[in-house]
2 protein chains.
Amino acid sequence: MAANRNARRKQLQNLLAEDPFLTDQQLAELLEVSVATIRLDRMALSIPELRERTKTIASKNYSKLKALEGTEVIGEIIDLELGKFAISILSVQDDMVFERTQILRGHHLFAQANSLAVALVNANVALTAKANVRYYIPVKNGDRVIAKAALVSEKGSRSEIIVESKVNQEMVFRGEFTVVALEKESDSN
Amino acid sequence: MAANRNARRKQLQNLLAEDPFLTDQQLAELLEVSVATIRLDRMALSIPELRERTKTIASKNYSKLKALEGTEVIGEIIDLELGKFAISILSVQDDMVFERTQILRGHHLFAQANSLAVALVNANVALTAKANVRYYIPVKNGDRVIAKAALVSEKGSRSEIIVESKVNQEMVFRGEFTVVALEKESDSN
DNA sequence: CTCCTATTAAGACCAGGTGATAACCTATTG
DNA sequence: CAATAGGTTATCACCTGGTCTTAATAGGAG
């Protein structure tokens with residue numbers, strides 16, 4: 001009897017993990033119990049109501065997406081002198097790592113370095129043309145990666161930039177980027 | 001008079017662009033008009049109600065975050081033979097491009113290629129050690145990028161993989177990746 | 001002064017809940 | 001067998017943040 005109930009509650013959790021946008025009504029139908037029971041179960045499991053769940057997902061992801069993909073630079077720029085050097089910090093979050101190993105996926109280090117290199121170039125529009133990168137030490141969940149980019153040469157519209165990324169003073173990543181300026185810094189309307 | 005109204009509506013749009021989680025009540029206070037007016041304005045601008053906005057953000061980002069950052073592979077794998085080759089498709093979305101130029105940020109191509117290379121390796125845990133990449137043609141918003149990865153050599157735990165990415169049969173990106181297997185495919189618990 | 005536009009207010013309704021109370025099975029236990 | 005307890009369900013009042021409709025009001029422009 002109580003076994004029934006516990007099984008149902010597990011199912012409820014699974015259902016909501018798959019699709020957090022189910023109403024009590026829908027859950028009641030899926031689990032073949034009354035809405036009242038679903039409410040009690042939610043209370044017991046301290047699962048908030050649909051609107052709260054929706055709101056949480058929305059606001060959590062809103063800021064995350066804005067911070068992660070919506071901006072021009074991955075990581076937070078803490079120092080920048082156009083055409084000379086730039087520094088950014090990236091805090092490694094849960095969703096950037098391999099689930100099994102909690103090791104940062106390589107492309108995030110690349111993204112941080114690449115976007116920093118592009119930001120460094122003194123041009124309105126700059127694109128990456130070439131990159132050689134090397135990963136030295138795996139970066140783990142929770143680490144703070146400090147990337148330093150330096151312009152090493154500039155021939156016409158092509159800039160060579162070296163980015164070194166460190167965690168606790170140890171170099172974890174190094175990249176050489178060739179960035180091409182498409183539009184020189186002239187009219188920045 | 002109508003100028004007043006249009007100015008207010010612009011403001012309303014700006015407010016919601018900054019914070020889409022404002023209720024009509026809050027908007028009314030901020031703009032110093034009645035709630036009724038806010039409703040009319042929303043109707044005129046066809047801005048949905050708070051809950052709809054929240055829902056949209058939540059579900060859009062839910063799938064997006066899951067698809068973009070939460071998975072092991074960036075892009076959708078459409079063919080894979082472990083240790084031989086792999087193919088994936090990436091559809092370029094609004095949030096992956098530079099706003100000014102609508103050109104895909106370089107790290108997305110890298111991410112697609114890198115994660116495909118890692119997926120290709122016949123090991124439980126594999127990490128990127130080195131990558132040399134080249135960007136040939138800018139990829140634009142709406143493009144579908146097809147990446148083909150092929151294993152070219154394998155010495156001990158180090159695999160060399162070449163990834164070529166094309167849009168409309170034209171090569172836009174090419175990368176050589178060295179991937180290191182940390183844990184051989186033996187016990188896949 | 002009158003007309004017109006913009007604004008506001010008022011009332012009924014809706015979804016998706018919360019919270020409390022009471023009724024109802026069913027299964028065991030004295 | 002009846003009493004009791006555990007789990008389930010029904011019912012009712014209430015809440016937020018809206019919807020839609022209708023009506024009243026304010027403030028110029030002609």
Side-chain angles (χ1 to χ4, degrees), chain A residues 1-67 70 94-95, chain B residues 1-67 70 94-95:
Chain A
M1 196 154 195
N4 244 351
R5 194 182 64 172
N6 287 340
R8 186 189 60 231
R9 290 189 173 170
K10 270 230 167 109
Q11 268 192 63
L12 194 153
Q13 288 182 305
N14 291 340
L15 283 171
L16 285 181
E18 266 181 49
D19 181 1
F21 303 115
L22 293 167
T23 63
D24 289 359
Q25 181 60 46
Q26 293 175 299
L27 289 166
E29 282 161 22
L30 287 169
L31 298 177
E32 292 177 316
V33 288
S34 75
V35 174
T37 304
I38 295 294
R39 312 261 222 242
L40 288 175
D41 285 351
R42 274 203 297 103
M43 290 305 140
L45 299 168
S46 53
I47 295 170
E49 61 168 297
L50 166 65
R51 282 158 181 166
E52 286 305 315
R53 298 195 300 270
T54 310
K55 208 188 298 176
T56 307
I57 294 173
S59 57
K60 205 178 69 191
N61 294 358
Y62 187 69
S63 51
K64 189 173 282 183
L65 258 195
K66 288 280 169 223
D94 288 348
D95 53 287
Chain B
M1 198 156 196
N4 245 350
R5 195 181 64 174
N6 287 339
R8 188 189 59 232
R9 290 189 173 170
K10 270 232 167 106
Q11 267 191 63
L12 194 154
Q13 288 182 307
N14 291 340
L15 283 171
L16 285 180
E18 264 180 50
D19 180 1
F21 303 114
L22 294 167
T23 63
D24 289 359
Q25 182 60 47
Q26 293 175 300
L27 289 166
E29 282 160 22
L30 287 169
L31 298 177
E32 293 176 316
V33 288
S34 75
V35 175
T37 303
I38 296 295
R39 312 261 220 243
L40 286 176
D41 286 352
R42 277 204 295 104
M43 292 305 140
L45 300 167
S46 53
I47 295 170
E49 62 169 298
L50 166 63
R51 282 160 181 163
E52 285 306 313
R53 298 195 301 268
T54 311
K55 208 189 298 175
T56 306
I57 294 172
S59 57
K60 202 178 70 190
N61 294 359
Y62 188 68
S63 51
K64 188 172 282 183
L65 260 194
K66 289 278 169 224
D94 288 348
D95 54 288

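Numbers restart at 1 for each chain; the letters A, B, ... are given by sequence-line order, proteins then strands. None of the values given here were measured: they were computed from a predicted structure. Just so it is clear, the values below take in all heavy atoms, side chains as well, and ignore hydrogens, waters and symmetry mates.
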Closest to side chain of [X], choosing from [options]:
X: L50(A); options: dT8(D), dT19(D), dG16(C); answer: dG16(C)
X: T37(B); options: dT8(C), dG7(D), dT18(C); answer: dT8(C)
X: A36(A); options: dA6(C), dT9(D), dG18(D); answer: dT9(D)

Respond yes when some side-chain nitrogen or oxygen of [X] is under 4.0 Å from OP1 or OP2 of [N], and no when none is.
X: R51(A); N: dG17(C); value: no
X: S34(A); N: dT8(D); value: no
X: R8(A); N: dT8(D); value: yes
X: R39(B); N: dT7(C); value: no
X: T23(B); N: dG17(D); value: no

Pairs touching residues 18-28 of chain A that satisfy side-chain hydrogen bond (donor to acceptor under 3.5 Å, both in side chains), sequence neighbours left out:
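The answer is T23(A)-Q26(A), D24(A)-R39(A), D24(A)-R42(A), Q25(A)-E29(A).
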
Nearest whole Å is fine: how far is [N] [atom2] from [X] [atom1]?
X: N6(B); N: dA6(C); atom1: CG; atom2: C1'; answer: 12 Å
X: L40(A); N: dT11(D); atom1: CG; atom2: C1'; answer: 14 Å
X: D41(B); N: dT7(C); atom1: CG; atom2: C1'; answer: 10 Å
X: R5(A); N: dT26(C); atom1: CZ; atom2: P; answer: 18 Å
X: I47(B); N: dT19(D); atom1: CD1; atom2: P; answer: 11 Å
X: F21(A); N: dG17(C); atom1: CZ; atom2: P; answer: 13 Å
X: Q25(B); N: dG18(D); atom1: CD; atom2: C1'; answer: 12 Å
X: I38(B); N: dT8(C); atom1: CD1; atom2: P; answer: 9 Å

Over all atoms of both residues, closest heavy-atom pair of A44(B) and R9(B):
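So the two residues come closest at CB-NH1, 3.3 Å.
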
From CA spacing to verdict: side-chain contact (heavy atoms from CB on, under 4.5 Å), L31(A), T37(A)
CA-CA 10 Å; L31(A) 298 177; T37(A) 304; over 6 Å; no

Please tell me which of E49(A) and V33(B) maps to the more 5' nucleotide of DNA chain C, matching each residue to the nucleotide holding its nearest heavy atom.
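The residue mapped nearer the 5' terminus is V33(B).
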
I'd like to check I57(A) versus P20(A) (side-chain heavy atoms, cut-off strictly below 4.5 Å). Are they in contact?
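Yes, their side chains come closer than 4.5 Å.
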
Hey, are the side chains of D41(A) and L27(A) touching, using non-hydrogen atoms and a 4.5 Å cut-off?
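No, every pair of side-chain atoms sits at 4.5 Å or beyond.
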
Select base, sugar-phosphate, or nothing to describe what R53(A) touches, counting heavy atoms under 4.0 Å on all strands.
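The residue R53(A) makes no contact with any strand.
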
